[in-house]
Structure formats: C-alpha cells, structure tokens
There are 2 protein chains.
Amino acid sequence: MSDLGDYLRKQREQRRQSDPQFSLRKVAQRIGVQPSYLSKVERGSEGSPSEETLRRLAEDLNEDADILLALGGKISTDLASIIRKRPKLFAELIRDLKDIPDHAVLRIVREVRDGNW
Amino acid sequence: MSDLGDYLRKQREQRRQSDPQFSLRKVAQRIGVQPSYLSKVERGSEGSPSEETLRRLAEDLNEDADILLALGGKISTDLASIIRKRPKLFAELIRDLKDIPDHAVLRIVREVRDGNW
DNA sequence: TGTACTGTGTAGTATATACTACACTGTCGA
DNA sequence: TCGACAGTGTAGTATATACTACACAGTACA
C-alpha cells in the first residue's frame, strides 16, 4: 500500500540480517521516534514522516535521502528553495524534461558539470 | 515583510487603476475567499494561501502561477511530481544548476526543446 | 520459567494550515 | 447626508500533520 513503508521495511530487514542493531526498535530509538510510530510508517498505516525524520532514517539505513523523501511525497527543502529563486526558469526546464529519458538528462548534467555552457 | 503580499498588492493596485473590478473585495469574491483574508494576505499578516487559491489569484490577476506559488513558498504540485518520479536525477541536476546563470540554463532549455540530446 | 527482546494496537495530542464570519471604520459621489 | 462602496480587526474553526505514551502479545534463550 505504501511505497515508502515497503521500501523502508525491505531495506531495514536486509540490513538486519547481518546486524541485529537494525531491529525496528533500535532504529526507532536511534532516529528518535517511538517504535510504534516507525512500525506504522513501515506498514503504511501512517502518513509520511517529516523531512527531518526521513533524513535521519536515510542516514541510519545508509540510503539516499532524496529517494526516501520522494517516496514520502516530499522534496528536499534545499531543492525547493533553489527552484523558488528562479521559478519560471526551473518550471520551464523541469516540465520540458518530463519525458526526456534518463540518459539524455544525464548528458545534460555532465555538460553542466564540465562547464560546456 | 511579505514578498507575496507586496507583490499581490502592487499588481492588483496597478490593475485597479484602469479597472475598478480589481478592488480587494471584488477580487476576493471572484477567487472565492473572504475580503478580510485577502487583505491579510496582501499585508503579510497571514501565512501563504493554498496552491488552489494562489492559482485562482494568478488567473484573476493575469500573473504567472509559478511565480505566485514561489513567492508563497510553494512549488507547483505538477513540478513536484515530475521530480519525485526521478528524485536522484533531478536532485543532481537542480543542485548543479544552482549557481549557473540564467542565460546558460536557458540555453539548456532551448537545446532540450530542439531535441539536441 | 522468567526476562529480554521483538513488533503492534489504541488513544490521545500539540502545532500548523487555511481559512470563515462578522463587525467596524473610512471615503466618495449624488 | 446617505447609501454604496472601500479596506481592516478580532475571534473562531475544521482539518491535517507528525507525532507520543503505554499497554499488549509473541518469540527465544539461559
């Protein structure tokens, strides 16, 4: 039911196979939430955690924060703030890139990185 | 104090000079909010209106919705959803574009549009 | 067999969001 | 001077968000 929940449980269980420190309760304690809450999040019977909590989860599970945030229906505030500074420009770009395949977008990323602009 | 409020008031007042239908009360009625609420929004003594309300405002004032949303601290849900579908890719791209000047970003937009990818 | 874990269910809560309802005051033209 | 506008101030509200607190049942191992 919940993409985020399924993903989190899968990753945590995997980690848990080689390290008992990745029980639900231990993770919950490390990231600073109640185990019952994390349990509900993993089973999708709760809305998405806050950005802060998702970031702590990402760090603890060694996952990419942007991915967890996306699965939780959020966008990193630093990205949002970059976009908000030039809303028309980024709106145009992002909508244009909507249907462009990954490899082509990656080529643009590489071009930008190389300074070919 | 409020960028959004200042902007809205300025645009509305300007429109009002040539068309009395742009009084605060008239606009409020057309977009479906109480005049007192719009008044507070324009003076920045209220948080940002919802995306829906900002969109109606943009339409009524003939302004760009992405700009009003940005001033209101929001990002269009359609953009957010495009990003969330490929979070790593877009996160990387957007962070890389953070300090790239407008004209260079525009060149990329044009390239994408021309299919040079 | 007990104690030390595991995950889960139920109920409640503080804070924020996005407004409404209504009364009030001021201005301006007829 | 009055009626129809204009904008504003105060108070209240429904809903969502992001959790907590605590009790409970099952499993394992010493």
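What's counted below: heavy atoms across the whole structure, side chains too, no hydrogens, waters or symmetry copies. Just so it is clear: chains get the letters A, B, ... in the order the sequence lines come, proteins before strands, and each one is counted from 1. Everything numeric here is computed off the predicted structure, so don't read it as measured data.
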Just how far, in rounded Å, is [atom2] of [N] from [atom1] of [X]?
X       : N      : atom1 : atom2 : value
B:Leu38 : C:dT20 : CG    : P     : 11 Å
B:Arg56 : C:dC19 : CZ    : C1'   : 12 Å
A:Leu54 : D:dC19 : CG    : C1'   : 13 Å

Can you tell if the side chain of B:Leu106 reaches within under 4.5 Å of the side chain of B:Arg110, non-hydrogen atoms only?
->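 Yes. Closest side-chain heavy atoms under 4.5 Å.
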Would you mind checking if [Y] and [X] are paired as a salt bridge, meaning a charged N to carboxylate O distance below 4.0 Å?
X       : Y        : result
B:Lys88 : A:Asp102 : no
B:Glu92 : A:Arg113 : yes
A:Arg95 : B:Asp66  : yes
B:Glu51 : B:Arg55  : yes

Distance below 4.0 Å between B:Thr53 side-chain N/O and C:dA18 OP1 or OP2 | no
Is any side-chain N or O of B:Ser50 closer than 4.0 Å to OP1 or OP2 of C:dT17?
->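 So the side chain of B:Ser50 is outside the cut-off, no N or O lying under 4.0 Å from OP1 or OP2 of C:dT17.
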What parts of residues 67-76 of chain B reach DNA chain C, counting only heavy atoms under 4.0 Å away?
->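 Per residue number, the list reads B:Lys74.
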Determine which pairs satisfy side-chain hydrogen bond (donor to acceptor under 3.5 Å, both in side chains) with at least one residue from residues 16-37 of chain A, sequence neighbours left out, and list them in order.
->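 Pairs touching residues 16-37 of chain A that pass the test: A:Arg30-A:Asp60.
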Backbone N/O of B:Pro49 and side chain of B:Lys74: donor-acceptor pair under 3.5 Å |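 Confirmed, B:Lys74 side chain pairs with B:Pro49 backbone.
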Give a yes or no on this: more than 12 heavy atoms of other residues, nucleotides or ligands lie within 6.0 Å of atom CD of A:Glu59.
-> no
Just by protein heavy atoms under 4.0 Å, how would nucleotides 5-15 of chain D read 5' to 3' in B, S and -?
-> -BBBBBB----
